[in-house]
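Every chain is numbered from 1 and lettered A, B, ... according to where its sequence line falls, protein lines coming before strand lines.
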Amino acid sequence: MAVVTVGSAIVSLEAKELVYGAIGLAGSLFGVATLFFLLNAPYVAVFQIAVYIGAVAVLILFTVMLVRQEGLAKEVKPKSTTAAGIIAAVAVILALTFAVLATNLSRFTAITNTATYIDIGKLISTGDAPVLEVLALVLAASIVGALALSRVDRGGGAH
Amino acid sequence: MTKRNALRLLFSIEFMINAANLNFVAFNQYLPYQEASNALGQTVVLFSIALAAAEAAVILAIVVVAYRLRNDIDVSEMKTLEG
């Protein structure tokens, strides 16, 4: 499953055509959702599918088709920063790997019970209730902002 | 070969957010079991997904506006705000 996830992520970022990139993104997000299932988090997995595959991927596909143009995959000569970026990425991966291996994480045993939606609901509705309300405000504000940005001004309307 | 497409930047951001979410869910299993913190990581991830959806909506709106203004979404050529 990890192979599917990482593979479609690479396809998504390296595809010449942006539509294939968007489809690869949807495939990779679906792979992450199945990983959530395997990690005993079915509620999060269903939420991920509903929000990402259902909403975000469709939104991205619409935008890709809206802004489609010829010669979109312009090729730029690789700069010297590319090599530096690759070296930095490998260094970070190595550092994190050694840091994780140095901890005594293997002495702990993972709990395998599945957190039900009742547990999540208890947490959300008690301790995290302010977070939920602020998040709702942020979501509403961002959607209104997005609508206002992409509005087509036809002019001649009532002032 | 570097591509400076604005939508590809959005894809990359989504992948990074998903990687972080995966870590939250995975390490949630290593928390000492308590009734109260059983689903702590999963709750954080639910909030994070909602936030990522809001962020994606705003970025897509900006991309549409940029395309309408400039007929191009190559971010390496957006230099209007450069000092």
Side-chain angles (χ1 to χ4, degrees), chain A residues 9 12-13 18 21-22 24-25 28-29 32 35-36 39-41 43-44 47-48 51-52 55-56 59-60 62-64 66-67 69 72-79 82 105 108 110-113 115-116 119-120 122-124 127-128 131-132 135 138-139 141-143 145-150, chain B residues 1-12 14-15 17-19 21-22 24-68 71-74 76-77:
Chain A
S12 158
L13 289 180
L18 211 51
L25 177 79
S28 180
L29 296 177
V32 172
L35 285 175
F36 284 154
L39 285 167
N40 294 317
Y43 187 75
V44 179
F47 196 77
Q48 163 104 357
V51 172
Y52 269 117
V56 173
L59 207 61
I60 287 175
F62 268 113
T63 312
V64 166
L66 209 59
V67 302
Q69 55 183 339
L72 201 58
K74 266 185 293 190
E75 293 193 14
V76 186
K77 285 272 173 62
K79 292 179 185 164
T82 309
L105 190 68
F108 292 94
I111 49 172
T112 52
N113 66 312
T116 59
D119 298 326
I120 297 174
K122 270 183 195 162
L123 267 177
I124 287 181
D128 289 343
V131 181
L132 185 69
L135 190 64
V138 168
L139 200 57
S142 71
I143 298 296
L147 283 176
L149 271 179
S150 57
Chain B
M1 181 171 68
T2 42
K3 304 184 196 98
R4 296 284 167 80
N5 194 312
L7 282 170
R8 256 179 240 280
L9 293 186
L10 175 62
F11 292 178
S12 311
E14 294 291 333
F15 285 133
I17 290 173
N18 268 279
N21 287 350
L22 204 53
F24 270 113
V25 172
F27 284 103
N28 184 38
Q29 311 246 327
Y30 287 100
L31 281 178
Y33 179 74
Q34 288 167 1
E35 195 69 45
S37 70
N38 189 19
L40 198 58
Q42 300 187 18
T43 312
V44 169
V45 169
L46 290 186
F47 289 144
S48 162
I49 290 176
L51 210 55
E55 167 254 331
V58 172
I59 290 185
L60 288 174
I62 291 175
V63 166
V64 169
V65 172
Y67 179 72
R68 204 180 286 154
N71 266 326
D72 191 15
I73 52 171
D74 194 342
S76 58
E77 287 171 17

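The most heavy-atom pairs under 4.5 Å with chain A, out of B:I62, B:V45, B:L46, come from B:L46. Across B:I59, B:N18, B:L51, the residue that shares the most heavy-atom pairs under 4.5 angstrom with chain A is B:N18. Among the candidates B:A54, B:A56, B:A61, the residue making the largest number of heavy-atom pairs closer than 4.5 Å to chain A is B:A54. For the set A:V51, A:L29, A:I60, the entry with the most heavy-atom pairs within less than 4.5 Å of chain B is A:I60. When B:L10, B:N21, B:V25, B:V64 are compared by the number of non-hydrogen pairs under 4.5 Å with chain A, B:V25 comes out ahead.
Of the atoms belonging to A:I120, heavy atoms from both backbone and side chain fall under 4.5 Å from chain B. Neither the backbone nor the side chain of A:A141 comes within contact range of chain B; no heavy atoms are under 4.5 Å apart. Neither the backbone nor the side chain of A:F62 comes within contact range of chain B; no heavy atom of the residue lies under 4.5 Å from a heavy atom of that chain. Proximity to chain A involves both the backbone and the side chain of B:F11, based on heavy atoms less than 4.5 angstrom apart. Residue A:I143 touches chain B through its side chain alone, counting heavy-atom pairs closer than 4.5 Å. Of the atoms belonging to A:A55, not a single heavy atom falls under 4.5 Å from chain B.
In terms of modelled atom types and a separation under 3.5 Å, the side chain of B:R8 and the main chain of A:L18 share no donor-acceptor contact. Proximity of a side-chain donor or acceptor of A:S150 to a complementary backbone N or O of A:A146 within less than 3.5 Å is detected.
By the side chain to side chain donor-acceptor pair (under 3.5 Å) test, B:Q42 is found to be paired with no residue, residues two or more places apart in sequence or in another chain being considered. Under the side chain to side chain contact (heavy atoms under 4.5 Å, CB included) criterion, B:L22 pairs with A:V32, A:L35, A:F36, A:L39, not counting sequence neighbours.
Looking only at side-chain heavy atoms (C-beta outward), B:F15 and A:L25 come within less than 4.5 Å of each other.
A 6.0 Å sphere centred on CZ of B:F24 holds no more than 12 heavy atoms belonging to other residues, nucleotides or ligands. The number of heavy atoms from other shown groups lying within 6.0 Å of OH (A:Y43) does not exceed 12.
To the nearest 0.5 Å, the span separating OG on A:S142 from CG on A:L147 amounts to 9.5 Å.
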